[in-house]
K.L.:
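A single structure is presented below for examination.
Counting convention: from 1, in listed order, for ligands and their atoms alike.
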Amino acid sequence: MSSQPDRIILPQNVSPLHYKLQLEPYFDTFKFDGTVSIDLKVNDKESDFVELNTFELDIHEAKINDVKSLETVTDEENQTSRFKFPAGTLKDSDNVTIDIKFTGILNDTMAGFYRAKYIDNATGETKYMATTQMEPTDARRAFPCFDEPNLKASFEITLVSDPKLTHLSNMDVKKEEIFDGKKFTYFNPTPKMSTYLVAFIVAELEYVECKDFRIPVRVYATPGSEHLGQYAANLTAKTLSFFEKAFGIEYPLPKMDSVAVHEFSAGAMENWGLVTYRVVDLLLDEKNASLERIKRVAEVVQHELAHQWFGNLVTMDWWEGLWLNEGFATWMSWYACNQFQPEWKVWEQYVADDLQSALGLDSLRSSHPIEVPVKRADEINQIFDHISYAKGSSLLRMISQWLGEDVFVKGVSQYLNKFKFGNAKTEDLWDALSEASGKDVRNVMDIWTKKVGFPIVSVTEDGHKITFKQNRYLNTADVKPEEDKTLYPVFLSLKTNSGVDHSLTLDERELTVTVEDVDFIKTNANQAGIYVTSYSDDRWTTLSKQSDLLTVEDRTGLVADCKTLSLSGYTSTKNFLQLISQWKNEDSFVVWEQMINSLGSLKAAWAFEPKETLEALDEFTRQLVSEKTHSLGWEFSENESYASQRLKVEMFSSSAAAKDPVVVKAALKMFEKYTSGDSNAIPPLIKSSVFGTVARDGNAKNYEKLFAIYKNPSSSDEKLSALRCLGRFEDPALMKRTLGYLFDGTVLNQDIYIPMGGMRGHKEGIKTLWAWTKENWDALHKKFPPSLTMLGSILTVATSGFTSRQAIDEIEDFFKDKSTKGFDQSLAQTLDTITSKANWVDRDREVVVKFLKEHNYYK
Ligand SMILES: [Zn+2]
């Protein structure tokens, strides 16, 4: 390892040019044999060693031009091996080749070259795929390599196995031959690329194809489910051609394969030319899928394809640029969606989804700046979070609205052209955008990317004089002066009766302006900026009556802001309850989704309050949603608009969750018919909500039925819905049973957080889940090594349901003498989340009770 002041990296005496890699996985011993020859450029001829990254590899031999290495020093902690050669080995040439023979573990931790388990539907046999997940730093588990994103090289890969298995890699096949009863597949060399994008698969696979693009576009799956890949194949072809036009650069590889992988830790991975997916994020039965599922598949496919240019062709120089990779792919995915499916209104939904998750995490003290210094490679997994993806893309959305989407995409295209097949820094993109737009992008972006958090803008009015003041926002509302020094460049985008004033930027602490007509004012038009706005009580009341003057994004943003401000005490929770109770006639499914979600946050914070209060909150919800639900009904027709379908789904599920008796009865009846053999009894769009209602109803016989559906589902979508709902049963014996399935192989490792998530939805579940987690912590830690992101997610699901300070003490106590490496950030964020809920309930407990009593919601 060598140390630059800000990064720990490999020594630079040599650098890689070309890898020749051959691998043969064994499905009986779960090991693989490998040889790698790496052509190296010698930068320091006086040096006599080669050091590269290795992890859990058994090295048999290393040679340079037939000269064997004298010794190998493996550093487990830094995941490196240093091969020492006789003095003078590197002296005489500019290039040398190192040959290494090794054996690795075909592991079951979803990292490196690993085995993904599945059941063959035809035979019931347990089988395995050998597949890879290298990002961020697990290529070193698969072969010795220079595992840093800016050490790009070309790769020539050979796979060896039983001839009946399919071999795939980033490139197309150069030659295939059978030798000694084994199949050898030689792939063409890749262009220059980073190690984290290398991929290879050895498995039983079939494919479907779309021929609408100039190169082969295929979707692979284990036999029997490949037909479900047609939607993604068609979308892939269409998206590739759209991105080629948008970026003005041809997709550079000779084929594009997508593969559904049975055990997968993330949603998907953008390996160049060989994108791997979690099954549910790729395969789809279009007729029987929910709208969210179809949208999710589109989102993921388009996200991974955006990376083929942004990330793969041009790569971040080092891991602190990760956010730009992810933020951009997220933005670009919605940009494409909005072109292909304008009726989905994805940018409106963005305000309710991505923007809120960004603000949610960034309002915690334990948040981090978008661009964090990453010194060690193993710190990287913790920044694959909502800050990188959601705040990163929110920032790009803000900038794209400031510059105009076309100008933004033009700037991106210039950046991609300039750095293709190479690496770039964040600033390089800002410079390209400045050039394309003539605006000082770098200056604005620097503050937003390098500083943590976002501001609250307080609006105070004195007649026609309006003062805007910014401060750092925290959910815990206990900002210290030293945390409140950043002045963000805030685009105020003030909306009044005469339109939107885009000229106002608040980059000082305070700004006072005079406004002619103050009948209607709202900042942050269309919720393009990353901040929350606090108004006076009177202004909240006025705004709640002006919904006709507000766009969907505005209304969504107001609901979300008002809830956020209630949570932190900047406004009373009464204002929030009043605001949403005024909007019973709302027609947009996006605004409804936000109202229901925000109310859901309130209920989650109140989860441990007395039963009568929770029942009164349910009554409040019923009175809010029932009328609309009953007038819309829950029958769907094929030619109905997307918006109308989504609205019905939203209303039905919120009524069901609030125990509307008519809806609950209907749901139970549909389930009864469905499980008696009428496969059309439940409209697919509300199936998960029907399952949820059944689980909340608690009948143990229905647990058996849901479990049977999980074991033998009609689609992977249905399987996950059933799995989630197994966690919703409140009966202690059933909870115990569900938890038992997490470790006995019934639930795949990749899915264990799903039933856990169901359990977090109720008080008894929250307690039981935490008790189980404590008891099984060692096993969890072993199953999900801290270098993966999953351990942090599991910890969050297992603890974040709590709402009291006492729970915080317990959690802290449990971890006080344990290593929290790899999930310390998740832990800190969870504790902050619980603190803010505890503060909220303590502050507004009486306010909520009073409101509910005054409006007769108590029985
Ligand atoms: Zn991504």
Side-chain angles (χ1 to χ4, degrees), residues 110-111 132-139 149 170 193-199 232 235-236 239-240 242-243 246-247 251 253 256-261 264-278 280-282 295-337 346 350 353-354 357-358 361 370-372 374 380-397 412 415-416 423-424 426 429 449 750 788-790 792-793:
M110 297 179 271
T132 55
Q133 168 61 39
M134 308 305 198
E135 193 184 21
T137 56
D138 285 313
N170 304 84
M193 62 184 281
S194 306
T195 46
Y196 80 89
L197 293 166
V198 170
L235 182 62
T236 299
T239 306
L240 285 172
F242 176 73
F243 284 167
F247 297 133
Y251 169 71
L253 300 193
M256 169 54 73
D257 292 330
S258 306
V259 185
V261 176
F264 200 80
S265 71
M269 176 62 211
E270 69 263 25
N271 314 305
W272 218 0
L274 181 60
V275 182
T276 43
Y277 291 83
R278 198 173 259 252
V280 289
D281 289 335
L282 182 69
K295 180 169 164 253
R296 166 74 185 171
V297 169
E299 174 199 355
V300 179
V301 167
Q302 288 164 176
H303 177 111
E304 303 312 325
L305 295 178
H307 275 312
Q308 305 301 308
W309 284 262
F310 205 106
N312 299 8
L313 181 64
V314 178
T315 310
M316 69 221 148
D317 186 60
W318 181 247
W319 292 106
E320 56 235 9
L322 176 79
W323 78 271
L324 189 58
N325 233 10
E326 295 309 341
F328 181 80
T330 304
W331 185 89
M332 197 68 198
S333 161
W334 293 134
Y335 177 76
C337 248
V346 291
Y350 189 92
D353 302 337
D354 298 52
S357 34
L361 183 49
I370 287 182
E371 201 167 319
V372 277
V374 178
I380 298 154
N381 74 72
Q382 295 212 74
I383 57 173
F384 279 84
D385 62 6
H386 283 319
I387 296 297
S388 294
Y389 287 75
K391 193 183 179 189
S393 63
S394 299
L395 194 57
L396 296 176
R397 173 171 171 265
V412 169
Y415 159 89
L416 291 173
N423 296 78
T426 303
L429 178 64
T449 59
Q750 65 161 17
L788 301 182
T789 49
M790 274 193 76
S793 313

K.L.:
According to ring pair (Phe, Tyr, Trp, His ring centres under 6.0 Å), who are the partners of Phe247, at least two apart in sequence or on a separate chain?
P.N.:
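Ring pair (Phe, Tyr, Trp, His ring centres under 6.0 Å) list for Phe247, sorted by chain: Phe243, Trp309.
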K.L.:
As a quick check of understanding, evaluate side-chain contact (heavy atoms from CB on, under 4.5 Å) for Ser393 and Tyr350, giving each step before the final call.
P.N.:
CA-CA 10 Å; Ser393 63; Tyr350 189 92; 2.5 Å; yes
K.L.:
For residues Gln308 and Glu270, report the shortest heavy-atom separation together with the two atoms involved.
P.N.:
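Scanning both residues, the minimum pair turns out to be NE2-O, 3.1 Å.
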K.L.:
Counting no waters, what protein N/O/S atoms lie under 2.8 Å from the Zn ion (ligand 1)?
P.N.:
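The answer, once waters are left aside, is His303 NE2, His307 NE2, Glu326 OE1.
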K.L.:
Would you compute the distance between atom CG of Leu395 and atom CD1 of Ile370 and round it to the nearest 0.5 angstrom?
P.N.:
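Rounded to the nearest 0.5 Å, the CG-CD1 separation comes out at 4.5 Å.
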K.L.:
Applying side-chain contact (heavy atoms from CB on, under 4.5 Å), run through Asn170 and Met193 and close with a yes or a no.
P.N.:
CA-CA 11 Å; Asn170 304 84; Met193 62 184 281; 3.8 Å; yes
K.L.:
Given 3.5 Å as the limit, does a donor-acceptor pair link the side chain of Ser333 with the main chain of Ala329, or not?
P.N.:
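A pair under 3.5 Å: no.
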